[in-house]
Asker: 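Once you've had a glance at the structure underneath, I'll fire off some questions.
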Amino acid sequence: MKNSEVINLLQQLIAIPSFSKEEEGTANLIETFIEDKGVDVNRHLNNVWAKNKFFDETKPTILFNSHHDTVKPNKGYTKDPFSPIIEDGKLYGLGSNDAGGALVSLLATFLFYYDKPIAYNLIFAATAEEEISGRNGIEALLPVLGKIDFAIVGEPTQMQLAIAEKGLMVLDCLIYGKSGHAAREEGVNAIYEAMSDIEWFRTYKFPKVSALLGPVKMSVTVIHSGSQHNIVPDVCEFTVDVRVNECYTNDEVLGIISKSVKCKVNARSTRLQPSFIVEEHPIVKAGKGLGLKVYGSPTLSDRALMPFSSLKAGPGDSARSHIADEYIFVKEIEEGIELYINMLQKLLIV
């Protein structure tokens with residue numbers, strides 16, 4: 001697959017709006033593109049996937065995964081987000097950096113190894129709903145794919161190796177008081193009742209601190225209480241954003257929280273788990289051997305939904321994700337393909 005084909009495919013993807021839950025157009029394009037390469041391609045919802053030519057159930061399997069959905073364009077755009085133009089080596093357009101560059105680079109790598117005798121099986125999967133952590137993306141596809149030994153998740157990391165990634169929980173907290181007239185010593189103020197719990201969320205330090213991700217971070221981000229100035233509020237509701245390092249599972253952190261506060265705590269979900277791959281893993285060692293650095297990523301990706309080891313790495317820069325006039329350097333994609341191929345060479349070639 002020539003680099004010009006890779007760039008052209010990304011330009012075609014950019015030109016098709018593919019907001020989360022509205023990815024049918026880009027799924028059709030990816031499916032047709034892979035099929036035209038003579039590869040048996042599969043579709044589940046708006047997730048498109050394919051196996052290497054000599055797939056062998058007795059071999060371990062590597063998943064190449066990235067997403068083809070995008071957020072909606074930032075209001076600050078000065079360029080048409082769906083016009084994939086190249087200026088000064090930069091390919092502009094919505095989804096170019098997050099994560100179109102990584103997606104087409106992984107596809108090029110998959111096709112490079114597709115019909116070669118290799119020690120691993122390969123599955124390429126272009127998935128939907130990543131930007132909203134939806135249930136019809138990678139989570140829906142994994143049961144269809146079968147056993148996976150580890151994954152490379154394509155996201156913009158400047159091709160550095162994100163070996164750890166924080167998980168996410170959003171907690172809805174509720175505490176009751178008793179209403180009364182604010183002018184008299186009546187009632188129990190639910191806001192005051194909540195203050196000690198809010199202070200606990202602000203100050204509590206989980207004992208296990210990650211060398212890569214730092215501590216578990218909890219932030220109270222929304223508070224609702226009261227209806228008018230002269231009524232003591234009887235209910236206070238607040239929301240807590242919790243970012244969990246790889247030293248804990250979400251359920252472990254939720255258990256500690258529930259035992260430590262008096263408010264009712266409801267986790268919207270515990271499914272977005274922290275993730276980690278050991279530095280001794282062959283794919284990490286291969287990347288480090290090429291001079292790539294390991295780090296811990298504070299941002300969430302679909303690896304949060306993968307119950308196996310995964311590495312996040314891809315061309316582009318996370319700092320450009322979701323910005324106005326999003327772009328990726330064409331050179332970054334070309335270098336990304338070369339690095340992916342070289343990282344995998346020692347693992348794959350028999």
Side-chain angles (χ1 to χ4, degrees), residues 63 65-67 97-99 102 130-133 137-139 148 150-171 200-221 239-261 265 267-288 290-322 343:
L63 172 65
N65 170 242
S66 191
H67 64 95
N97 180 76
D98 183 17
E130 188 275 345
E131 294 289 2
I132 58 170
S133 299
I138 190 67
E139 187 173 33
I148 305 292
F150 74 90
I152 298 176
V153 177
E155 291 283 349
T157 71
Q158 298 180 303
M159 285 306 294
Q160 302 308 312
L161 311 175
I163 63 172
E165 181 180 284
K166 281 190 173 179
L168 169 65
M169 283 192 298
V170 179
L171 308 180
W200 182 87
F201 281 111
R202 188 181 76 85
T203 60
Y204 181 75
K205 306 296 182 186
F206 284 84
K208 297 178 185 177
V209 178
S210 166
L212 290 161
L213 297 173
V216 174
K217 188 176 186 300
M218 300 187 292
S219 304
V220 177
T221 53
T239 300
V240 187
D241 179 289
V242 184
R243 305 288 169 152
V244 181
N245 66 28
E246 83 283 9
C247 303
Y248 297 91
T249 66
N250 286 350
D251 289 322
E252 287 172 336
V253 168
L254 181 60
I256 293 169
I257 291 170
S258 298
K259 291 177 182 177
S260 302
V261 294
V265 179
R268 295 180 188 177
S269 171
T270 58
R271 55 195 272 272
L272 301 175
Q273 294 285 348
S275 53
F276 180 69
I277 189 170
V278 296
E279 286 196 55
E280 293 74 27
H281 194 284
I283 191 64
V284 179
K285 291 172 70 176
K288 290 172 69 176
L290 294 169
L292 304 178
K293 297 179 180 179
V294 301
Y295 75 104
S297 173
T299 58
L300 201 67
S301 73
D302 269 345
R303 68 187 296 197
L305 295 165
M306 296 178 180
F308 41 77
S309 294
S310 57
L311 172 69
K312 182 167 71 176
D317 187 338
S318 181
R320 297 185 217 131
S321 299
H322 306 177
M343 279 172 61

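Here, residue 1 is the first one in the sequence, and each next residue gets the next number.
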Asker: What I'd like to find out is whether the side chain of Leu63 reaches to under 4.5 Å of the side chain of Met306, using heavy atoms alone.
Answerer: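 Side chain of Leu63 against side chain of Met306, heavy atoms only: contact under 4.5 Å found.
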Asker: Should we count NZ of Lys217 as having more than 12 external heavy atoms under 6.0 Å?
Answerer: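 12 or below, so no.
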Asker: Using the test ring-ring contact (aromatic ring centres under 6.0 Å, His included), find all partners of Tyr204 that sit at least two apart in sequence or belong to another chain.
Answerer: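 Only Trp200, Phe206 meet the ring-ring contact (aromatic ring centres under 6.0 Å, His included) criterion with Tyr204.
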Asker: For a quick test of reading the model, state the closest non-hydrogen atom pair linking Gln273 to Asn250 and the distance between them.
Answerer: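 Of all heavy-atom pairs spanning Gln273 and Asn250, the closest is OE1-N, 3.0 Å.
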Asker: What residues, two or more places apart in sequence or in another chain, satisfy side chain to side chain contact (heavy atoms under 4.5 Å, CB included) together with Ser133?
Answerer: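 By the side chain to side chain contact (heavy atoms under 4.5 Å, CB included) rule, Ser133 matches Arg271, Leu272, Leu300.
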Asker: With sequence neighbours left out, what residues match Thr239 under side chain to side chain contact (heavy atoms under 4.5 Å, CB included)?
Answerer: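 Once residues adjacent in sequence are excluded, the partners of Thr239 under the side chain to side chain contact (heavy atoms under 4.5 Å, CB included) criterion are Val170, Asp172, Thr221, Val222, Arg268.
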Asker: With distance as the sole test, does Glu165 use its side chain to make a donor-acceptor pair with the main-chain N or O of Arg303 at under 3.5 Å?
Answerer: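 Side chain of Glu165 to backbone of Arg303, a donor-acceptor pair under 3.5 Å: no, none is there.
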Asker: Side chains of residues 151-164: which donor-acceptor partners sit under 3.5 Å, not counting sequence neighbours?
Answerer:
from: Glu155; atom 1: OE2; to: His67; atom 2: NE2; distance (Å): 3.2
from: Thr157; atom 1: OG1; to: Met159; atom 2: N; distance (Å): 3.3
from: Thr157; atom 1: OG1; to: Gln160; atom 2: N; distance (Å): 3.3
from: Thr157; atom 1: OG1; to: Gln160; atom 2: O; distance (Å): 2.7
from: Thr157; atom 1: OG1; to: Gly314; atom 2: N; distance (Å): 3.0
from: Thr157; atom 1: OG1; to: Gly314; atom 2: O; distance (Å): 3.4
from: Gln158; atom 1: NE2; to: Asp317; atom 2: OD2; distance (Å): 3.3
from: Gln160; atom 1: OE1; to: Lys293; atom 2: N; distance (Å): 2.6
from: Gln160; atom 1: NE2; to: Gln158; atom 2: O; distance (Å): 3.4

Asker: Can you tell me if Arg243 uses its side chain to pair, donor with acceptor, with the backbone of Lys166 under 3.5 Å?
Answerer: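 It does not hold such a pair.
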Asker: Restricting to salt bridge (Lys or Arg N to Asp or Glu O under 4.0 Å), what partner residues turn up for Glu252, sequence neighbours left out?
Answerer: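 Residues passing salt bridge (Lys or Arg N to Asp or Glu O under 4.0 Å) with Glu252: none at all.
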Asker: Between Glu246 and Ser275, what is the shortest heavy-atom contact and its length?
Answerer: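 That would be CB-O, 4.1 Å.
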Asker: For residues 279-286, tabulate all N or O donor-acceptor pairs below 3.5 Å that involve a side-chain atom, not counting sequence neighbours.
Answerer:
from: Glu279; atom 1: OE1; to: Lys288; atom 2: NZ; distance (Å): 2.7
from: His281; atom 1: ND1; to: Ile283; atom 2: N; distance (Å): 3.2

Asker: Donor-acceptor pair, distance only, cut-off 3.5 Å: does the side chain of Asn245 make one with the backbone of Gly214?
Answerer: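 A pair under 3.5 Å: yes.
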